[in-house]
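Here is the structure we will look at, set down as structure tokens.
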Amino acid sequence: MDEETHERIRAAIARVPRGRVASYGDIAAMTDAPSPRIVGWVLKEDGGDLPWQRIVRTDGTVAKPQQLPMLRDEGLEIPGDKIDMKRYRWAPDEGD
DNA sequence: ATTTTGACTACTG
DNA sequence: ACAGTAGCCAAAA
């Protein structure tokens, strides 16, 4: 894992706005990460100061259940345990 | 050097 | 909707 990719992944995650989410694959695509797994790995190792609750699986489920209350706190409506990706998924061209 | 272990995804039945 | 499988890739054992 080279330093540059690592930091790019962190930067991309930091750009996800409050009230939106992005998938691991989204971050990977934005940052040239070799695989979505790497994004998960970076979050585990060096994600303590990032909004990691905004990174979810592409099907709307979350890796860590505590993300749900945190995201609801940011204003997302999540009736069950799955996030409505069509509604909340963030794209970098939305105004950032 | 090989195997195992994940904050992953896509495909199949 | 749900389980199994196969690709994926860095780290640690």
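Reminder, nothing fancy here: chain letters follow the sequence lines and each chain counts from 1. What's counted below: heavy atoms across the whole structure, side chains too, no hydrogens, waters or symmetry copies.
Nucleotides B/dA7 and C/dG7, compared at atom P, are 23 Å apart to the nearest Å.
Each of A/M1 and A/K82 lies near DNA chain C, and the nucleotide nearest A/K82 is the one positioned closer to the 5' end.
Nucleotides of DNA chain C with any atom under 4.0 Å from a heavy atom of chain A span, from 5' to 3', C/dG7 to C/dA11.
A/E45 places no side-chain N or O within donor-acceptor distance of the main-chain N or O of A/V42, the cut-off being under 3.5 Å.
Here the options are A/D2, A/T31, A/D32, the test is side chain to side chain donor-acceptor pair (under 3.5 Å), and the partner is A/R8; only A/D32 passes. When each of A/V62, A/L50, A/I27 is tested with A/I55 by the rule side-chain contact (heavy atoms from CB on, under 4.5 Å), just one qualifies, namely A/I27.
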Salt bridge (charged side-chain N to carboxylate O under 4.0 Å, His left out) assessment of A/D84 paired with A/R89: CA-CA 8 Å; A/D84 184 343; A/R89 188 181 211 175; over 6 Å; no

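Atom CD1 in A/I55 sits roughly 10 Å away from atom P in B/dT9 (whole-Å rounding). Atom pair A/E45:CD and B/dA7:P shows a separation of 10 Å (rounding to whole Å applied). Counting to the nearest Å, the P atom of B/dA7 and the CG atom of A/L68 are 16 Å from each other.
With contacts defined as side-chain heavy-atom distances shorter than 4.5 Å, the pair A/R87/A/E77 qualifies. The shortest distance between side-chain heavy atoms of A/V21 and A/L76 falls below 4.5 Å. Taking the side chain as every heavy atom from C-beta outward, A/M1 and A/T5 approach each other to under 4.5 Å.
Contacts of residues 2-36 of chain A with DNA chain C (heavy atom under 4.0 Å): A/P34, A/S35.
For residues 51-63 of chain A, the pairs satisfying salt bridge (Lys or Arg N to Asp or Glu O under 4.0 Å) are A/R54-A/E74, with sequence neighbours left out.
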